[in-house]
There are 2 protein chains.
Amino acid sequence: MSVKDKHGLPEENSRRMELIRAAARLFRDQGYERTTVRDTGNAVGLQSGSLFYHFRTKEEILVAVMALGITATTEQLAEAIASVHTPREKLAALFHVHLNSLLGDNQHALEVMLYEWRSVSDAAKPGLIVLRDRYEALWQTVLDEAAADGLVKPDTRLLRRTLLGSLHWSVQWFRSNGELNVNELADRMLALVLLK
Amino acid sequence: MSVKDKHGLPEENSRRMELIRAAARLFRDQGYERTTVRDTGNAVGLQSGSLFYHFRTKEEILVAVMALGITATTEQLAEAIASVHTPREKLAALFHVHLNSLLGDNQHALEVMLYEWRSVSDAAKPGLIVLRDRYEALWQTVLDEAAADGLVKPDTRLLRRTLLGSLHWSVQWFRSNGELNVNELADRMLALVLLK
DNA sequence: GTCTATACGTGGATAGAC
DNA sequence: GTCTATCCACGTATAGAC
């Protein structure tokens with residue numbers, strides 16, 4: 001976890017970060033459009049006027065939420081991949097990190113990224129796309145190595161897309177009080193694509 | 001295609017149906033919250049006041065859009081399954097019908113179903129859930145038969161969820177002017193899960 | 001940095017004429 | 001069935017005091 005990075009996400013003064021986290025929760029629970037700037041301010045004890053000291057527009061908050069979710073997940077994945085050595089272990093890391101992030105640590109921010117894309121202005125999209133592509137590039141590399149070892153089918157570009165779709169969709173049905181925990185789910189989803 | 005069914009979707013007087021289709025497109029392009037009742041009315045040449053002759057609330061339109069998307073797809077899938085005989089062919093039908101619906105015929109309504117769920121009131125959810133469950137039950141049956149024949153792995157409940165997630169996600173990246181057409185995509189996605 | 005007050009636009013929905 | 005006119009609530013954002 002770096003102390004600072006580019007893309008408007010230095011590990012910022014805590015007021016701003018507090019707002020981003022509160023907004024992430026609200027945007028994911030109620031949707032971005034239905035969440036008012038008053039709601040967002042109030043969630044950290046601010047009046048709506050004060051919120052605009054920290055962000056110039058409501059959309060700036062949305063973008064910050066998304067950037068936080070995807071960069072945090074990317075960092076976690078990069079670390080996890082670096083800490084193991086076999087293609088098989090790296091492949092497993094894809095599933096474990098993704099699900100633990102999406103269903104745990106970065107749940108709200110990532111769901112906002114998945115479901116509020118339409119509310120992002122064209123001006124802000126490119127910056128977020130760069131972050132997303134960086135994450136998916138990690139996936140592609142690991143999948144290619146796994147395919148080279150015969151662990152998964154060789155159509156890795158399509159495989160990447162289908163797997164990410166499968167994992168994203170888990171937020172719609174996974175319940176942490178159900179029969180499976182997150183890591184068990186990761187293992188079973190991995191088992192569905194493993195060839196050996 | 002039935003002339004009439006329950007769930008508020010008789011093959012209705014065409015004005016109402018026109019509005020539902022126009023709303024589907026607008027809701028999917030702009031999002032439900034950002035689409036105004038004025039937009040929706042205007043799309044079929046009506047003033048907003050007149051729209052409320054056809055629907056009591058804006059939400060009633062949303063629910064009608066979703067119900068249309070899922071019932072139309074379910075009907076198409078039921079027909080497709082009934083018209084072939086081997087587990088292998090039925091399995092292929094899941095992919096082909098789903099993608100042709102989601103990326104073609106019922107694109108707008110289904111994307112609304114996938115992305116605007118949060119805007120549905122608790123009162124309206126149960127009716128839609130019934131429709132969704134009916135669709136997924138068809139999937140489950142076909143996957144169980146396929147697993148019994150050794151065509152796919154036996155963890156069919158999880159398989160159903162992962163496959164539906166994969167297919168849903170295709171709307172995010174599939175482009176009809178790309179290298180693949182919809183049916184080729186269906187075949188390649190099928191190939192990724194086939195064991196033989 | 002945060003507050004209060006407020007400008008200004010636009011939203012969903014209704015009433016009543018035609 | 002559709003229109004016009006309109007109600008009233010609520011949205012984002014700004015200004016200026018503290």
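Just so it is clear: chains get the letters A, B, ... in the order the sequence lines come, proteins before strands, and each one is counted from 1.
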For DNA chain C, which nucleotides open and close the run of contacts to chain A, 5' to 3', at under 4.0 angstrom from a non-hydrogen atom?
-> C:dG1 to C:dT4
Under 3.5 Å, is there a donor-acceptor pair between the side chain of A:Lys58 and the main chain of A:Thr35?
-> yes
Residue set satisfying salt bridge (Lys or Arg N to Asp or Glu O under 4.0 Å) with B:Glu145, at least two apart, ordered chain then number -> none
Determine all donor-acceptor pairs shorter than 3.5 Å in which one atom belongs to a side chain in residues 108-117 of chain B; sequence neighbours excluded.
from	atom 1	to	atom 2	distance (Å)
B:Glu111	OE2	B:Arg28	NH1	2.8
B:Tyr115	OH	B:Gln172	NE2	2.6
B:Glu116	OE2	A:Arg118	NH2	2.5
B:Glu116	OE2	B:Tyr32	N	3.1

To the nearest angstrom, how far is [X] atom [atom1] from [N] atom [atom2]?
X: A:Phe52; N: D:dG11; atom1: CZ; atom2: P; value: 12 Å
X: A:Glu60; N: D:dT14; atom1: CD; atom2: P; value: 12 Å
X: B:Gln47; N: D:dT4; atom1: CD; atom2: P; value: 5 Å

Could you pick out which residue, A:Ser50 or B:Arg56, lies toward the 5' side of DNA chain C when each is mapped onto its nearest nucleotide?
->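 Comparing both residues, the 5'-ward one is A:Ser50.
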If you define the side chain from C-beta out and look only at heavy atoms, does anything of [X] sit under 4.5 Å from [Y]?
X: A:Ser176; Y: A:Leu103; result: no
X: A:Trp139; Y: A:Ile81; result: no
X: B:Tyr135; Y: B:Leu164; result: yes

With a 4.0 Å heavy-atom cut-off, tell me which residues in residues 32-43 of chain B come close to DNA chain C, sorted by residue number.
-> B:Thr35, B:Thr36, B:Val37, B:Arg38
Terminal axes of the helix from C:dG1-D:dC18 to C:dC18-D:dG1 (5 end pairs apiece), angle rounded to 10 degrees, sit apart by 10°
Given the rule in the salt bridge (Lys or Arg N to Asp or Glu O under 4.0 Å) test, do A:Asp149 and A:Arg88 qualify, once you have shown the distances and angles that lead to the verdict?
-> CA-CA 9 Å; A:Asp149 268 26; A:Arg88 167 70 206 243; over 6 Å; no
If we ignore angles and hydrogens, is there a donor and acceptor under 3.5 Å between the side chains of B:Glu60 and B:Thr57?
->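 On atom types as modelled, these side chains do not qualify, holding no pair under 3.5 Å.
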Any chance you could lay out the side chain to side chain contact (heavy atoms under 4.5 Å, CB included) test for B:Val97 and B:Glu79, step after step, and finish with the verdict?
-> CA-CA 10 Å; B:Val97 170; B:Glu79 279 178 32; over 6 Å; no
For B:His168, enumerate each residue passing the ring-ring contact (aromatic ring centres under 6.0 Å, His included) test, keeping only those at least two apart in sequence or located in another chain.
-> A:Trp169, B:His98
